[in-house]
2 protein chains.
Amino acid sequence: MKRPTIADIARLAGVSKGAVSYALNGQPGVSESTRRRVLAIAEEIGWNPNGAARALSGAPSHTVGMVLHRPARILGVEPFFMELISGVEAELSARSYALTLQVVADQPAEIAVYRRWWGERRVDGVLVCDLRVDDPRIPVLSELTLPTVVVGMLGESAELVSVWSDDAAAVVEAVEYLSALGHRHIARVGGLPELRHTAARTAAFEEVCRRLEVAPALTISTDYTGEDGARATRRLLSSPRRPTAILYDNDVMAVAGLAVAHEMGFSVPADVSLVAWDDSVLCQLVHPPLTALSRDIPAYGGHAARQLLDVITGLPASSVQDETAHLIPRGSTAAPPSATGRGA
Amino acid sequence: MKRPTIADIARLAGVSKGAVSYALNGQPGVSESTRRRVLAIAEEIGWNPNGAARALSGAPSHTVGMVLHRPARILGVEPFFMELISGVEAELSARSYALTLQVVADQPAEIAVYRRWWGERRVDGVLVCDLRVDDPRIPVLSELTLPTVVVGMLGESAELVSVWSDDAAAVVEAVEYLSALGHRHIARVGGLPELRHTAARTAAFEEVCRRLEVAPALTISTDYTGEDGARATRRLLSSPRRPTAILYDNDVMAVAGLAVAHEMGFSVPADVSLVAWDDSVLCQLVHPPLTALSRDIPAYGGHAARQLLDVITGLPASSVQDETAHLIPRGSTAAPPSATGRGA
DNA sequence: CTGAAAGCGCTTACAG
DNA sequence: CTGAAAGCGCTTACAG
């Protein structure tokens with residue numbers, strides 16, 4: 001099957017290729033009747049624009065790129081990314097943009113992908129996740145002047161636009177809630193420490209613990225997997241200064257931590273309270289259902305996509321703060337066991 | 001920043017653009033010394049191939065497309081798709097292919113995407129999931145002669161290549177196992193009935209139940225969400241002829257079903273046995289851990305990607321049968337309660 | 001309002 | 001082994 005081109009349409013309509021191009025793109029320069037005839041013929045012979053030819057003439061690709069660098073085994077399990085992606089997709093597809101995803105093994109590979117996409121004009125812009133402290137991607141993206149929106153906290157680098165959520169405030173809400181219940185030993189099972197939002201959460205956690213005289217503000221670092229979350233929980237629950245409450249940096253680890261607590265013979269929330277970050281159905285399916293810091297992740301992705309489209313189309317865009325995660329108390333949190341109970 | 005082109009390289013190297021092209025692509029037609037010089041200059045000035053120009057000259061896009069049509073809320077929660085995609089990605093990125101994903105609302109939209117991709121030469125081939133009985137996508141893809149690999153059972157349509165798994169055999173294994181434990185009332189919470197693999201599972205389920213004199217072979221249809229799974233479980237467990245075992249078509253519904261059973265005061269597995277299909281960490285995190293039909297989904301995706309690359313590059317490729325899901329018995333299955341127990 | 005033409009950055013026969 | 005040239009399918013000034 002030979003693909004029809006605008007030359008075919010031009011011949012059939014008896015006009016020039018240029019006129020066909022104007023008609024097809026809704027540009028001025030052709031009469032209404034010509035435009036209608038051209039569109040009808042295009043429809044009839046099943047014409048589709050050749051994206052390569054358009055791109056070569058400088059037209060946008062109508063594609064947004066996203067490079068994911070977390071290990072594939074996380075992507076398959078953690079609902080966060082798929083929810084984020086589905087939100088991004090919803091916004092993009094409503095504006096007829098496509099999303100190109102690429103999973104990479106490390107950060108140099110990620111940077112190489114941006115350079116290649118830029119060189120190939122494959123994408124009109126990119127969405128960048130999981131910013132690190134001193135992130136090497138930022139200068140590269142600035143240098144390439146590739147339209148970029150950062151999903152998450154950007155910090156000082158004011159040259160890029162970001163959509164972010166106040167993780168510090170959410171940490172404070174969770175710890176204040178646990179403290180109000182009477183907890184004095186709160187531990188945290190944190191995410192990858194080199195990520196900016198992890199650093200922000202850790203700092204906020206330490207500060208609020210200090211302020212409320214909750215001690216020690218122990219954070220164990222993990223890679224977000226259920227395995228790591230289980231390991232950290234096992235370590236915390238078998239330590240001499242066993243915490244009475246644990247705050248997890250994602251839902252998968254919190255669910256795994258719940259299983260570990262049960263397996264070690266602890267009752268939740270009687271012996272230990274658990275709080276998850278991000279509230280997928282996972283949290284509601286387990287027993288007891290998990291108290292969680294909840295936020296609308298698809299909406300978050302949608303907002304990021306909208307910002308990026310604004311940047312791409314040259315509209316004024318500046319960083320926006322998205323909804324702060326809010327605590328949804330469920331069955332996994334309660335007052336700590338009395339001081340006469342077992343343990344420390 | 002102006003993007004360098006092969007014209008720049010040609011000027012710097014003092015050769016023609018054609019020679020540069022041959023050198024860059026490892027084609028014969030240039031001396032070894034010229035090739036080295038050209039490559040060094042390209043590297044030095046940071047040249048990247050312009051994909052649009054290559055595509056316009058008929059070169060492949062080195063991109064594979066995948067259209068997902070399930071509702072976004074499923075994608076975010078069901079591990080199956082992300083695991084499949086990560087397996088596809090792993091295989092593609094090892095061969096320097098990218099994956100373009102597009103989420104659509106319905107099947108006409110999906111077909112429109114294929115036509116557009118084909119017209120725009122955006123992808124070299126596509127991976128098609130969730131085949132339906134009498135699937136309208138098949139004739140369109142054949143007509144477009146767009147390289148296609150079907151993930152899942154293809155049935156009679158022999159004109160396309162597929163990678164499939166014998167779901168019928170897996171159903172039989174699960175039911176035989178439950179029957180051997182003594183179950184005589186087994187129900188199934190099935191997926192979307194219009195999908196081919198659902199139909200195959202349903203047919204196999206009915207046949208094996210008939211053969212083993214297990215009755216009735218009731219299948220409740222769902223949309224794969226936890227909500228639907230919970231609803232179906234509630235209905236089954238409150239029916240006068242309450243089943244002693246339930247087989248779910250995915251893991252999310254099985255986990256939701258477990259929560260419902262607990263909430264209704266049933267003990268698992270003492271009162272009712274549950275079996276999940278697909279064995280993500282979810283199944284191991286809940287209490288009791290779920291007996292599951294397990295298979296290596298990333299590998300499945302990887303095989304599909306490899307088949308597609310073979311089709312694209314013109315290598316001989318034919319449908320291959322992938323691993324059959326195998327039963328992993330865990331704590332959610334046991335002998336049924338004795339006839340004197342409560343219920344039917 | 002319309003036509004003829006250049007140009008985007010490559011690839012690939014075709015001559016030398 | 002190398003150079004000059006056509007062509008891929010569009011877009012977009014530039015003349016009419």
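A, B, ... follow the sequence lines: proteins, then strands. Residue 1 opens every chain.
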Using a distance-only test with no angle check, is there a side-chain donor-acceptor pair under 3.5 angstrom linking Thr63(A) and Arg122(B)? yes
Show me the side-chain donor-acceptor pairs of residues 43-51 of chain A shorter than 3.5 Å, one per line, residues at least two apart or across chains.
from, atom 1, to, atom 2, distance (Å)
Asn48(A), ND2, Arg115(B), O, 3.3
Asn50(A), OD1, Ala52(A), N, 2.8
Asn50(A), OD1, Ala53(A), N, 3.0

Counting N and O atoms only, with roles assigned by atom type, does the side chain of Arg132(A) sit under 3.5 Å from a partner on the main chain of Leu195(A), one being a donor and the other an acceptor? no
Check whether any side-chain heavy atom of Tyr114(A) sits under 4.5 Å from a side-chain heavy atom of Thr148(A), and report yes or no. no
For chain B and DNA chain C, what are the first and last nucleotides along the strand, 5' to 3', with at least one atom under 4.0 angstrom from a heavy atom of the protein chain? dG9(C) to dA13(C)
The single option from Val149(B), Val150(B), Leu308(B), Leu127(B) that satisfies side-chain contact (heavy atoms from CB on, under 4.5 Å) with Val163(B) is Val149(B)
Starting from the 5' end of DNA chain D, give me the residue, Leu56(B) or Val15(B), whose nearest nucleotide shows up first. Val15(B)
Return the stems involving DNA chain C, sorted by first number, where pairs are Watson-Crick (N1-N3 with N6-O4 or O6-N4) or G-U wobble (N1-O2 and O6-N3), both under 3.5 Å, and runs are 3 or more long. C:1-3 with D:14-16, C:5-12 with D:5-12, C:14-16 with D:1-3
Return yes if a side-chain donor-acceptor contact under 3.5 Å exists between Thr100(B) and Thr100(A), otherwise no. yes
Sequence neighbours excluded, the answer for side-chain hydrogen bond (donor to acceptor under 3.5 Å, both in side chains) partners of Ser165(B) is none
What pairs with Asp134(A) under side chain to side chain contact (heavy atoms under 4.5 Å, CB included), at least two apart in sequence or on another chain? none
Indicate, with a heavy-atom threshold strictly under 4.0 Å, whether Asn48(A) touches base, sugar-phosphate, or nothing. sugar-phosphate
Show your reasoning for whether side-chain contact (heavy atoms from CB on, under 4.5 Å) applies to Val38(A) and Ile9(A). CA-CA 7 Å; Val38(A) 164; Ile9(A) 302 177; 4.0 Å; yes
Which pair of non-hydrogen atoms, one from Ala317(A) and one from Val311(A), has the smallest distance, and what is that distance? CB-CG2, 3.8 Å
Check DNA chain C against residues 17-39 of chain A and give the residues with a non-hydrogen atom under 4.0 Å, in numerical order. Gly29(A), Val30(A), Ser31(A), Thr34(A)
